[in-house]
Amino acid sequence: MLGVKLRMASYTLLLKLFSKPEYRSFLSVVMISVLTIIMWFVIAKEIGHYVRSIMMVTIFVAISALALNETVASFTNRRRDIAILIAVGIWKHLIGGILLLKTIVYTSIGWTLGMIIAYLLGWLGGISNNIVLQQIALFATVLVLGPTIVAGISCIFHTSRFNVPEVLRQ
Amino acid sequence: MTDDRKRTAVSVRDLHKNFESGYSETRLFNGLSFDINEGDFVAITGSSGTGKTTLMNLIAGLDKPTKGTIRVLGKELSLLNDRELTALRAESIGILFQTFGLLTDLNVKENIKVTQMITGKNNSDRERYSDELLEFFGLNNKADFNPSSLSVGEAKKVGIARALSTGPQVLLLDEPTGNLDPQSVNVLLPILRGLRHIYGKTIIMTTNTPRAAKIANREIHIEKPKIIPIM
């Protein structure tokens with residue numbers, strides 16, 4: 001019954017509460033953009049297969065770490081608000097879902113900005129962007145899904161272990 | 001047994017809650033048992049550290065007892081899963097926190113409305129009920145204010161209004177008169193009396209203020225906890 005009510009209800013206030021931009025989020029977007037630009041040029045440049053693989057894995061780990069940092073920081077900075085909302089009857093996994101959505105949105109913004117900037121830089125530098133675009137498409141799914149899964153696991157972990165009385169006591 | 005006999009809203013049996021801290025264990029409640037009927041206004045009293053807030057958390061299903069059972073509106077809390085406990089709080093229990101628990105990124109009216117989204121009411125109903133509550137508590141002119149700009153007394157009123165916003169059957173008020181100056185207590189006590197008479201809710205209130213305890217129709221006193229050294 002609650003599930004139906006939850007689906008029917010509007011969550012604008014919760015989104016307003018948790019989507020407030022923070023300086024940390026801005027830095028994450030910039031870092032993800034930079035990493036995407038680096039990835040673009042790693043694909044474009046003719047470097048060894050082995051070195052390229054290492055660089056791609058490094059970029060994947062770095063973007064995942066930024067997504068993870070975003071969710072962990074959201075939980076840490078919003079501990080009190082989350083505890084209050086759970087206490088008044090808002091399901092904790094709904095809050096976790098909103099924080100995950102926020103992370104996905106910021107990661108996607110960083111990723112998209114990085115792609116646009118890299119494409120423009122490549123165009124200006126005379127790099128064959130069409131070939132790079134084809135290769136990027138191969139990695140895109142992994143580089144978007146990977147950080148999302150990492151952030152999702154982090155959200156589930158944090159919401160499951162959230163101790164409301166302890167937070168409210170502080 | 002008569003038909004008009006009140007039903008039990010909250011039933012606590014043989015309650016124990018232990019906390020370990022360092023080299024000692026604090027044992028709260030020592031087998032406390034009581035029943036609270038629907039429509040009762042009960043004051044939970046006791047000195048600081050006796051576990052009044054912990055008892056509120058236990059009744060709200062936010063914490064689990066070490067031993068004993070708690071039934072709220074006929075449901076035994078230990079048998080409910082996390083989702084069912086959340087649903088019980090959303091639909092049947094209103095809570096005022098000792099520290100008000102207001103969300104500082106939302107204004108006063110939004111703080112009242114935030115809990116209403118789980119009631120399934122449509123937006124116009126929510127808007128109307130929020131306005132009614134703001135009027136009842138004399139906060140109409142502060143609807144757009146940030147909670148951090150309110151006085152302690154006003155923040156408590158917003159906290160109580162939010163607790164009432166989902167139309168709960170049981171209202172848990174944790175120190176509603178705590179940290180208030182005498183003037184604010186004078187304003188808040190008639191409101192608490194009004195809650196009992198106008199809304200007819202089951203109200204459980206923790207307090208250290210004898211004046212506040214007097215407006216309740218029953219008092220439950222919690223004894224000091226036992227502190228046991230751990231070897």
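Convention: sequence-line order gives letters A, B, ...; per-chain numbering from 1.
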Tell me, please, which residues at least two apart from Leu85(B) pass side-chain contact (heavy atoms from CB on, under 4.5 Å). Leu77(B), Leu80(B), Arg89(B)
Mind checking which of residues 67-85 of chain A sit less than 4.5 Å from chain B, heavy atom to heavy atom? Arg78(A), Arg80(A), Asp81(A), Ile84(A), Leu85(A)
Of the non-hydrogen atoms in Ala90(B) and Gly89(A), which two are nearest, and what is the gap between them? CB-O, 3.4 Å
Closest contact, heavy atoms only, Ala87(A) versus Leu62(B): CA-CD2, 3.7 Å
What do you reckon, is CZ of Phe19(B) surrounded by more than 12 foreign heavy atoms closer than 6.0 Å? yes
Given heavy-atom pairs under 4.5 angstrom as the criterion, report whether the side chain, backbone, both or neither of Phe100(B) touches chain A. neither
Answer yes or no: does atom CZ of Phe34(B) have more than 12 heavy-atom neighbours from other residues, nucleotides or ligands under 6.0 Å? yes
Separation between CG (Asp82(B)) and NZ (Lys92(A)), nearest 0.5 Å, reads 4.0 Å
Return yes when atom NZ of Lys16(A) has more than 12 non-hydrogen atoms of other residues, nucleotides or ligands closer than 6.0 Å, and no otherwise. yes
Can you measure from CD1 (Ile90(A)) to OG1 (Thr86(B)) and round to the nearest 0.5 angstrom? 10.0 Å
